[in-house]
Peer 1: 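Below are the structure tokens for one structure; questions will follow.
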Amino acid sequence: MQKSFYLNQENLSLLPANVIRPTYNRNDITTTIVHIGVSNFHRSHQAYYTNELMNKYGFTDCGICGIDLLDSDRKIYSILKDQDGLYTLITKQPNGVNRIKIIGSIVEYFFAPENPVAVIEKMAHPNIQVITLTIAEDGYHLNEITGEFDMNQALIAEDLKNPLSPNTVFGYLTQALKLRQHRDIGGCTIISCDNIPSNGTTIKNSLFKYLEKAEPELLDWVDQHITFPNTMVDRITPVTRIEDLSYLKNDLQTEDQWPVVCEPFSQWIIEDNFATQRPQWDKVGVQFTQDISPYENMKLRLLNAGHSILGIVGTLLGYHTVDEAACDNDLMTFVEHFMQEEVSPTLDKTKKTDINNYKQNIIARFQNSHIKDSLTRICKESSAKIPLFILPTIQDQLKSNKHIRLGAFIIAAWCKYNDGMDENGNNYEISDELSDILIRTAALSHQSPIRFLEIEPVFKDLINEKIFVDEYLKAIEALRKQTVKKCLRNINSSH
Ligand code: CS2
């Protein structure tokens, strides 16, 4: 067996020639971007684009400083520290040929719980122009019922009490922005890269609410010096599997403790609303636009919703990966009908977005059999995803008196999913912040199916929509009596 090399700066030159590596000198790079939440997605997406900018165009002024806030991020932090911020991106093409690239754009890295002061200092450094975030739904601290920033959440209350050792992004931003004002070094642009509608507006509104309580005298300055562009981010990035590590070691003599896998497709659209000089990401395929909403809705309601359907119904059918579920004709026909009949009418067609092309493209992306995106990843935290990916479609359709039958079926299938057992009698885990209530309510729904719609943090007042409730009740009754496969066939044949 050939000798393999630990991935780090020193060994870069020893890696085999077919491993593409940074062509730039990482010591020459200036950090101008801070990123909070160094997830797999950040590494396949923003860090990838930034690496391209350095590799292809020789820019030296767009280095990223990664920051992790959560205790659960300790592992990725220590691995990347060990690897000098380097990692391998494995792009898995549908034809089975992989593209292997070492990404070097994360040139600095902090673990906030260990050194909060250094993190605040970094964000307040005069070179920092942009602060980007992937902090997931939880990181926004929104109230489940109202959807507004929740001042009463424990970590927020703690940050208000101990402002110099914050836990949340709001605590950190407040301290850093205060320093920036004090030092008179100007503002910066804060970019959310999470899959939530109007992500920039959401982080802005929440930060303003936090500041009203924590530092009201900073509000005017933030209003004048900071912008919060909305964005649409897209690249399917599965959980890294042990097989990916072995493949790199055995086939490419590269020992990377946490590589990232992704699909070839990638899209990033950012509202053109920068307080500072814009990183020239447009040179490497990023789009800047005045109005993000048509793109954002298209992505959340087609791709993310499509994923959730494959995840929920695919799990019930006994599948384990997205491509397996996407190759089931009955299921995929259902997804296509849903997209065509219930999602498309809610999308803005006045903009230059080719919805039909987009739909075809995502079906092919779902069917890429090399990605092995697990349905467990997709179904995780469905109680946070369904209100963002599926319910807005149902609500819009109800408002204009249009079909919601397929949407109601998805919700009924999700109720059945929370029984925790597939059609073959195999159990699976419900991994969700609300798992207790989901499981309990799904159990109660065997006697009284309507109970599931009483989960207010998810459904709000949907239970009052008679047309929806009638369709949901029909769907759940069918799902309890017949196999999922049979229900899909019935519903498909009536279209
Ligand atoms: C997925 C997303 O988590 C999910 O449910 O739909 O992570 C999806 O893979 C990404 O948004 C793709 O850009």
Side-chain angles (χ1 to χ4, degrees), residues 147 195-199 201 230 232-234 267 269 289-313 325-326 329-366 378 382 385-414 453 458-476 478 487-495:
N195 277 321
I196 53 176
S198 308
N199 51 13
T201 310
N230 291 302
M232 182 267 240
V233 293
D234 193 7
Q267 196 169 25
I269 309 185
T289 177
Q290 296 305 323
D291 180 12
I292 196 82
S293 59
Y295 302 102
E296 176 189 277
N297 283 343
M298 187 171 76
K299 197 257 167 170
L300 296 170
R301 295 182 185 197
L302 291 171
L303 183 133
N304 295 111
H307 254 167
S308 289
I309 303 167
L310 293 177
I312 291 163
V313 185
N329 276 338
D330 299 311
L331 178 49
M332 212 52 222
T333 304
F334 174 84
V335 172
E336 287 179 64
H337 282 159
F338 176 66
M339 288 178 176
Q340 185 61 30
E341 286 156 39
E342 298 190 5
V343 181
S344 291
T346 74
L347 299 176
D348 180 348
K349 288 173 212 74
T350 58
K351 295 284 174 328
K352 284 193 203 116
T353 47
D354 185 343
I355 296 171
N356 283 334
N357 254 346
Y358 187 79
K359 281 191 261 186
Q360 287 316 314
N361 195 17
I362 55 180
I363 293 168
R365 292 168 63 194
F366 290 159
I378 300 295
S382 285
K385 291 175 178 177
I386 292 210
L388 305 177
F389 303 163
I390 310 272
L391 297 183
T393 292
I394 297 178
Q395 272 138 3
D396 280 359
Q397 287 285 89
L398 283 171
K399 265 189 232 143
S400 41
N401 294 320
K402 297 209 186 101
H403 298 292
I404 41 82
R405 185 170 168 222
L406 307 179
F409 181 85
I410 299 165
I411 301 304
W414 185 42
L453 300 182
V458 175
F459 297 113
K460 316 277 184 304
D461 52 7
L462 193 58
I463 196 163
N464 299 328
E465 297 284 352
K466 184 168 177 334
I467 297 179
F468 174 80
V469 172
D470 288 349
E471 289 296 348
Y472 161 82
L473 290 175
K474 274 189 231 158
I476 191 78
C487 292
L488 286 172
R489 285 190 178 158
N490 286 345
I491 210 159
N492 289 341
S493 66
S494 60
H495 279 79

Peer 1: Which atoms form the tightest heavy-atom contact between Ser308 and Phe389, and what is the distance?
Peer 2: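 Distance-wise, the nearest heavy atoms are OG-CD1, 3.6 Å.
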Peer 1: For residues Ile491 and Arg405, report the shortest heavy-atom separation together with the two atoms involved.
Peer 2: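 For Ile491 versus Arg405, the nearest heavy atoms are CG1-NH2, 3.8 Å.
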Peer 1: Show, in sequence, the C-alpha distance, side-chain angles and deciding distance for Leu398 and Leu462, and conclude whether the side chain to side chain contact (heavy atoms under 4.5 Å, CB included) test is met.
Peer 2: CA-CA 10 Å; Leu398 283 171; Leu462 193 58; 3.9 Å; yes
Peer 1: If you compare all heavy atoms of Phe409 against all heavy atoms of Cys487, which two are closest, and at what distance to 0.1 Å?
Peer 2: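 Closest approach of Phe409 to Cys487, heavy atoms only: CE1-CB, 3.8 Å.
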Peer 1: Using the test side chain to side chain donor-acceptor pair (under 3.5 Å), find all partners of Asp470 that sit at least two apart in sequence or belong to another chain.
Peer 2: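 In terms of side chain to side chain donor-acceptor pair (under 3.5 Å), with neighbours along the sequence ignored, Asp470 is linked to Lys466.
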Peer 1: So, for Pro197 and Leu388, which heavy atoms are closest and what is the spacing to 0.1 Å?
Peer 2: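 Scanning both residues, the minimum pair turns out to be CD-CD2, 3.6 Å.
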Peer 1: Using a 3.5 Å distance criterion without hydrogens, assess whether the side chain of Glu342 forms a donor-acceptor pair with backbone atoms of Ile394.
Peer 2: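 Such a contact is absent between Glu342 side chain and Ile394 backbone.
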Peer 1: Which distance, rounded to the nearest 0.5 Å, do you find between the CG of Leu303 and the CD1 of Ile363?
Peer 2: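 So the CG of Leu303 and the CD1 of Ile363 are separated by 11.0 Å.
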Peer 1: So, for Val335 and Gly306, which heavy atoms are closest and what is the spacing to 0.1 Å?
Peer 2: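 Of all heavy-atom pairs spanning Val335 and Gly306, the closest is CG1-CA, 4.4 Å.
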Peer 1: Check the pair Leu391 / Ile411 against side chain to side chain contact (heavy atoms under 4.5 Å, CB included), numbers first and verdict last.
Peer 2: CA-CA 9 Å; Leu391 297 183; Ile411 301 304; 3.9 Å; yes
Peer 1: Nearest 0.5 Å please: distance from the CD1 atom of Ile355 over to the CG atom of Leu347.
Peer 2: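 Result: 4.5 Å between the selected atoms.
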Peer 1: Out of curiosity, Ile390 CD1 to Trp414 CH2, how far, rounded to the nearest 0.5 Å?
Peer 2: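 Spacing of CD1 (Ile390) from CH2 (Trp414) equals 10.0 Å.
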Peer 1: Would one find more than 12 heavy atoms of other residues, nucleotides or ligands at under 6.0 Å from atom NE2 of His403?
Peer 2: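 Atom NE2 in His403 is not crowded, with 12 or fewer foreign heavy atoms closer than 6.0 Å.
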Peer 1: Atom CD1 of Ile362 and atom CG of Leu302: how far apart are they, to the nearest 0.5 Å?
Peer 2: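 With rounding to 0.5 Å, CD1 (Ile362) is 5.0 Å from CG (Leu302).
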Peer 1: Please check if the side chain of Glu471 supplies one atom and the backbone of Ile404 the other of a donor-acceptor pair under 3.5 Å.
Peer 2: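 Absent.
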Peer 1: Less than 4.5 Å apart, side chain to side chain, heavy atoms only: is that true for Leu488 and Thr333?
Peer 2: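 Heavy-atom side-chain distance check fails, nothing below 4.5 Å.
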Peer 1: Measure the OG1-NZ distance between Thr346 and Lys399 for me, rounded to the nearest 0.5 Å.
Peer 2: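 Going from OG1 on Thr346 over to NZ on Lys399, the span is 10.0 Å.
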Peer 1: Could you walk me through whether Asp234 and Arg365 pass the side chain to side chain contact (heavy atoms under 4.5 Å, CB included) check?
Peer 2: CA-CA 12 Å; Asp234 193 7; Arg365 292 168 63 194; 3.0 Å; yes
Peer 1: Heavy atoms only: give me the nearest Ile378-Ser382 pair and the separation to one decimal.
Peer 2: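 That would be O-OG, 4.4 Å.
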Peer 1: State, with a plain yes or no, whether a side-chain heavy atom of Leu310 is found less than 4.5 Å away from one of Met332.
Peer 2: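 Yes, close enough: below the 4.5 Å cut-off.
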Peer 1: Indicate yes or no for a side-chain donor-acceptor contact from Ser344 to the backbone of Glu341 under 3.5 Å, with no hydrogens or angles considered.
Peer 2: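 No, the answer is negative, given that no donor and acceptor are paired below the 3.5 Å cut-off.
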Peer 1: Please name all residues satisfying side chain to side chain donor-acceptor pair (under 3.5 Å) with Glu336, sequence neighbours left out, ordered by chain then number.
Peer 2: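 Checked Glu336 against side chain to side chain donor-acceptor pair (under 3.5 Å); zero matches.
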Peer 1: So Ile309 and Leu331, do their side chains get closer than 4.5 Å, heavy atoms only?
Peer 2: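 Yes, at least one pair of side-chain atoms sits under 4.5 Å.
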Peer 1: Please step through side chain to side chain contact (heavy atoms under 4.5 Å, CB included) for the pair Asn297 and Asp348, ending with a clear verdict.
Peer 2: CA-CA 8 Å; Asn297 283 343; Asp348 180 348; over 6 Å; no
Peer 1: Between atom CG of Asn356 and atom CG of Asn361, what is the distance when rounded to the nearest 0.5 Å?
Peer 2: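 So the gap between those two atoms works out to 12.0 Å.
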Peer 1: Side chains of Lys385 and Asn195: do they bring a donor and an acceptor to under 3.5 Å?
Peer 2: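 Looking only at side-chain atoms, Asn195 and Lys385 do not form any donor-acceptor pair under 3.5 Å.
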Peer 1: Can you tell if the side chain of Asp396 reaches within under 4.5 Å of the side chain of Arg301, non-hydrogen atoms only?
Peer 2: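 Counting from C-beta outward, Asp396 and Arg301 do come under 4.5 Å.
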Peer 1: Look only at the side chain of Asn230 and the backbone of Ser293, and say whether a donor-acceptor pair between them is shorter than 3.5 Å.
Peer 2: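 Between the backbone of Ser293 and the side chain of Asn230 there is no qualifying donor-acceptor contact (under 3.5 Å).
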